[in-house]
> 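Just passing along the structure, written as structure tokens.
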Amino acid sequence: MGGTPPDLASAIVAKRPSKSSTIAIADDDSVVLMSNPDDGSVSTFSAQSGDRIAKVPTGREPWAVVIHPDRATAFVANRADGTVVKLGAIGGAAPTVSAPVSVGSEPTGLALSPTGAKLFVAEWAEGRVSVIDTATMRVVGTIDGVRSPRAIAVTNNGDGSDGDELVVVPEFYGEPTTGGE
């Protein structure tokens with residue numbers, strides 16, 4: 001605590017790369033989350049039984065969801081609100097919604113760094129990616145110059161260091177070049 005970075009050897013590291021999706025599965029395959037844009041909610045399901053555990057309102061048009069490596073926390077991009085919210089206690093009957101962060105227009109994709117320290121948000125209408133510190137839930141940077149980012153992925157080599165990963169952001173519209181797009 002007190003400003004000292006956590007020991008990387010003790011940090012939780014995701015088992016697989018993180019990517020944008022309307023459905024997310026926890027690393028231990030215990031819980032599945034699904035965004036429900038039509039009614040502004042996210043549903044949680046037991047991956048073992050398939051039973052719905054909870055349904056929680058998150059904001060207007062939840063578009064993407066991603067689960068933190070701690071398997072207890074998730075993040076949701078609310079496209080119509082231009083926000084990202086944090087969900088806590090995702091494996092229980094009453095997940096909590098907190099820490100809304102205003103991002104640019106139409107956030108459509110989310111991905112986490114392998115340790116879950118950084119959340120990358122594809123902002124489709126803004127043409128940029130916001131970077132959120134998940135401990136403080138504050139925007140700490142942006143990646144500009146991306147044309148209509150619709151999704152996002154972050155690689156994961158499993159070494160506990162977020163600094164050597166690649167953020168992949170597809171542009172939704174193709175760029176004309178000689179011989180094709």
Side-chain angles (χ1 to χ4, degrees), residues 14 17-27 31-47 52-154 162 167-173:
S18 181
K19 64 179 179 60
S20 299
S21 186
T22 56
I23 298 172
I25 303 170
D27 269 351
V31 66
V32 176
L33 274 67
M34 179 180 78
S35 62
N36 305 308
D38 290 342
D39 71 2
S41 70
V42 168
S43 294
T44 63
F45 298 88
S46 164
R52 186 168 71 189
I53 301 168
K55 186 174 182 181
V56 59
T58 62
R60 293 182 306 144
E61 274 186 55
W63 204 257
V65 61
V66 66
I67 298 175
H68 191 278
D70 70 5
R71 301 181 208 122
T73 309
F75 301 91
V76 179
N78 295 307
R79 187 172 178 177
D81 288 338
T83 62
V84 172
V85 296
K86 182 187 259 188
L87 289 180
I90 63 171
T96 58
V97 178
S98 66
V101 177
S102 291
V103 293
S105 298
E106 299 192 51
T108 55
L110 299 174
L112 285 161
S113 63
T115 65
K118 299 286 186 258
L119 176 66
F120 297 88
V121 183
E123 299 168 15
W124 187 62
E126 299 293 334
R128 74 173 175 227
V129 173
S130 283
V131 183
I132 296 174
D133 178 310
T134 59
T136 63
M137 289 304 287
R138 297 198 189 287
V139 176
V140 294
T142 59
I143 301 168
D144 296 306
V146 184
R147 186 175 179 205
S148 304
R150 188 88 176 231
I152 195 162
V154 178
D162 289 346
V167 178
V168 180
V169 184
E171 294 181 329
F172 187 65
Y173 297 106

> Looking only at atom types and distance, does a side-chain atom of Ser41 sit under 3.5 Å from a main-chain N or O of Pro57, one as donor and one as acceptor?
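No; judged by distance alone, with no hydrogens or angles, the pair does not exist.
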> Under the 3.5 angstrom rule, does the side chain of Asp81 hit a backbone N or O of Gly59 as a donor-acceptor pair?
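No, Asp81 side chain to Gly59 backbone: no donor-acceptor pair under 3.5 Å.
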> Is the backbone of Ile23 close enough, under 3.5 Å, to the side chain of Ser21 for a donor and an acceptor to pair up by distance?
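Flag set: sc Ser21 to bb Ile23 pair under 3.5 Å.
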> Quick one: list whatever passes side chain to side chain donor-acceptor pair (under 3.5 Å) with Thr134, sequence neighbours left out.
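Testing Thr134 for side chain to side chain donor-acceptor pair (under 3.5 Å), a comparison that skips the adjacent residues, returns none.
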> Checking the side chain of Asn78 only, and the main-chain atoms of Trp63 only, is there a donor and an acceptor separated by less than 3.5 Å?
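No; judged by distance alone, with no hydrogens or angles, the pair does not exist.
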> Atom NZ of Lys86 and atom OG of Ser98: how far apart are they, to the nearest 0.5 Å?
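With rounding to 0.5 Å, NZ (Lys86) is 6.0 Å from OG (Ser98).
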> Using a 3.5 Å distance criterion without hydrogens, assess whether the side chain of Arg52 forms a donor-acceptor pair with backbone atoms of Phe45.
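Looks like no, no N/O pair under 3.5 Å.
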> Between Arg128 and Asp144, does at least one N-O distance fall below 4.0 Å, as a salt bridge requires?
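No, no charged N to carboxylate O under 4.0 Å.
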> Using distance only, find each side-chain donor-acceptor pair of residues 99-106 under 3.5 Å and give its atom names and separation, not counting sequence neighbours.
unit_1 : atom_1 : unit_2 : atom_2 : d
Ser105 : OG     : Glu126 : OE2    : 3.1
Glu106 : OE1    : Arg79  : NE     : 2.8
Glu106 : OE1    : Arg79  : NH2    : 2.5

> Does Asn36 reach the main-chain N or O of Pro62 with its side chain, forming a donor-acceptor pair under 3.5 Å?
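Answer holds: no.
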> Determine yes or no for a side-chain-to-main-chain donor-acceptor pair under 3.5 angstrom, with Ser113 supplying the side chain and Lys118 the backbone.
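Such a contact is found between Ser113 side chain and Lys118 backbone.
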> Return the set of residues passing side chain to side chain contact (heavy atoms under 4.5 Å, CB included) with Thr44 (not counting sequence neighbours), or none when no residue passes.
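Checked Thr44 against side chain to side chain contact (heavy atoms under 4.5 Å, CB included); matches are Val31, Leu33, Ile53, Ala54, Pro95.
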> Is a donor on one side and an acceptor on the other found under 3.5 Å between the side chain of Ser20 and the backbone of Ala151?
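No: the side chain of Ser20 does not pair with the backbone of Ala151.
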> Please lay out, stage by stage, how Ile132 and Arg138 fare under the test side chain to side chain contact (heavy atoms under 4.5 Å, CB included).
CA-CA 5 Å; Ile132 296 174; Arg138 297 198 189 287; 6.0 Å; no
> Return the minimal non-hydrogen interatomic distance between Gly127 and Pro149, and the atom names on each side.
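Reported closest heavy-atom pair: CA-CD, 3.8 Å.
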